[in-house]
Number of protein chains: 2
Amino acid sequence: MLATDLDRDLDTDVAATSPTVRAATVIPIHPVARADKTPQRASRCSTCAMRALCMPAELSAAELARLDAIICATRSVKRGDTLYRAGDAFHSIYAVRAGSFKTVVMHRDGREHVTGFQIAGEALGLDGVGAGQHSCDAIALEDSAVCIIPFAQLEVICREMKPMQHHIYQMMSSEIVRESSQMMLLGTMSAEQRVATFLLNLSRRFKARGFSAAEFHLRMTREEIGCYLGMKLETVSRMFSKFQRERLVDANGKTIRIVDAEGLARV
Amino acid sequence: MLATDLDRDLDTDVAATSPTVRAATVIPIHPVARADKTPQRASRCSTCAMRALCMPAELSAAELARLDAIICATRSVKRGDTLYRAGDAFHSIYAVRAGSFKTVVMHRDGREHVTGFQIAGEALGLDGVGAGQHSCDAIALEDSAVCIIPFAQLEVICREMKPMQHHIYQMMSSEIVRESSQMMLLGTMSAEQRVATFLLNLSRRFKARGFSAAEFHLRMTREEIGCYLGMKLETVSRMFSKFQRERLVDANGKTIRIVDAEGLARV
DNA sequence: CGGTTGTTTGAATCCGTTCAATACCTGTGG
DNA sequence: CCACAGGTATTGAACGGATTCAAACAACCG
């Protein structure tokens, strides 16, 4: 199951709004061996299906080999377990190899908010660079595996490889842009528009990974979706039902089929 | 007027939540000459009051001199004018030398949302790195001046100066964290809590720049505040009135005096 | 000074929440 | 295999916080 997620063509998609989408030819990796041990030696980066995310396109074979040597031990995280917690010392960033995560920020009064969902091929942990410690919890939504990228060593590499340096800046900047558009969603959109936007965004990301854009399986609960979109789980459910009645989507529990994407976008 | 803003001790404060606050000894710069011409040669970075923001603390005199040679032409922007617009090609990031800005993202349907306010000593333009073009408009709230930092040249410097490289990563990461906490605000807080949080945040930032934490002048309208906090201008106004009645703040148009900061935080 | 822009306040309305009841899964253990 | 439990999802009705609409006022600027 982990393997099927990986045997696909990927493209960089951390930046929801980035216009630069690279179509990378990627060598499918073998099924992830024993996802229950952590950490373990990964497949080499140079043959990883996620390469289009982790690395810029223009690297030479020699440069790729350098990366292989330094980064990409993997770690598997069981459903519900945390990859890191707010307050943990920051050492590494992560690329999701398989599965999916949510990032959760917590207010002192106990109130919590989901700041993002990350699926295979997306980055995690960039929040930790600034303060030297993570500012949120990263929790697996299903049994998942990540690639561990020690940041100090990455910095060294970035000083020597210009494309790599630029790539890290791009990843961080794209995350800033993604969050800006999420702020716009939270600040200006109705519940209906938020849910529609959420579904279309997920659809686009799945499509970019070679999965169906029309039909997919939600890994998160209604409550988690609500917490991400700034509304209660009941409201999320009502919006799904509404879209169902209007023949825009076909929502059956966690299985979603987008019937009329244009209609959804027009909401 | 520009000069008074600059003749202050500053500390790095891009990261709202960053625990690392450096107290920097800073040489006051002379009054900014003719702020009406753009662009113009700036005071040298090595004597700039904003140095604590633009640069890491550990730079040698020689390294500072290198920066002087390359970055820090300035540009002045009149109230209401844009520093850059969404879609503009990205070439530089900016440090606010004097005055203040808002950044605005626009949805295709015309709806707009204020993603942040930037005051003296804060950075602008980091959103542009990812896609090679800016993703929002940056608009001056008053006659302002920025320091122009060409990003391509900054990247070169960062490959040679480790502290500088790390500093840029920190700035971007801190912006990610700041936006996360703004998402939490938009997603989970009541109108009352949002306005209270907004005032306390501004207060903290002014204080860090040597201004009064208790009394300050808002540069933005109620509408802009509302657009930032995800509510209507009338609601912002009502909250100010409410805080007034409860003796938490003394709001007189754009002049704000925080009477009971603890009370505000408890809201 | 008049006109424009920004602010305050009230009353009616509406969208999303809250509370509550019911139904639906999914995995576990008898 | 079925029954059961616990979490998850759906739906209805009442409520409430924020918006909308409207009017009056204040501040600012040419």
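So that the names make sense, note that chain A is the first sequence line, chain B the second, and so on, each numbered from 1.
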Practice prompt. May I have the distance from A:M189 (atom CE) to D:dT19 (atom P), rounded to whole angstrom?
Written response: 16 Å

Item to complete: Scan A:H113, A:Q182, A:E223 and name whichever one has a side chain to side chain donor-acceptor pair (under 3.5 Å) with A:Y228.
Response: A:Q182

Response to the item:
Out of C:dG16, D:dT20, D:dA9, minimum distance to the side chain of B:K232 belongs to D:dT20

Practice prompt. For B:Q244 and C:dT8, give me the distance from atom CD to atom P, rounded to whole Å.
Written response: 9 Å

Response to the item:
Whole-Å distance, B:R222 CZ to D:dA27 P, equals 12 Å

Worksheet entry | Separation of atom CD in A:E142 from atom P in C:dT26, rounded to whole Å | 14 Å

Discussion item. Before you tell me yes or no, could you show the steps for B:E224 and B:L141 under side chain to side chain contact (heavy atoms under 4.5 Å, CB included), namely the whole-Å CA-CA distance, both residues' side-chain angles and the distance that decides it to 0.1 Å?
Written reply: CA-CA 10 Å; B:E224 288 164 333; B:L141 295 175; 3.8 Å; yes

Discussion item. Measure CG/B:N252 against P/C:dG6 and give the value in whole Å, please.
Written reply: 18 Å

Are any protein N/O atoms closer than 3.5 Å to N/O atoms in nucleotides 9-11 of chain C? If there are, list each pair with its distance.
unit_1 : atom_1 : unit_2 : atom_2 : d
C:dT9  : OP2    : B:S241 : OG     : 2.3
C:dG10 : N7     : B:R238 : NH1    : 3.0
C:dG10 : O6     : B:R238 : NH2    : 3.2

Response to the item:
Atom CD1 of A:I225 and atom P of D:dT8 are separated, to the nearest Å, by 12 Å

Worksheet, complete the sentence: The salt bridge (charged side-chain N to carboxylate O under 4.0 Å, His left out) partner of A:E142 among A:K254, A:R219, A:K78 is A:R219

Discussion item. Which is more 5' along DNA chain D, the nucleotide nearest B:R79 or the one nearest B:A191? Just name the residue.
Written reply: B:A191

Response to the item:
Rounded to whole Å, the CZ-P distance (A:R194 to C:dG16) equals 8 Å

Worksheet item: Given atom CG of B:L218 and atom P of C:dG6, what is their separation to the nearest angstrom?
Response: 14 Å

Fill in: NZ/NE/NH1/NH2 to OD/OE distance under 4.0 Å, A:E179 and B:R178
no

Worksheet item: Would you say the side chains of A:E215 and A:T255 form a donor-acceptor pair under 3.5 Å?
Response: no

Item to complete: Compute whether any side-chain donor of one residue and acceptor of the other, for A:D127 and A:S135, lie under 3.5 angstrom apart.
Response: yes

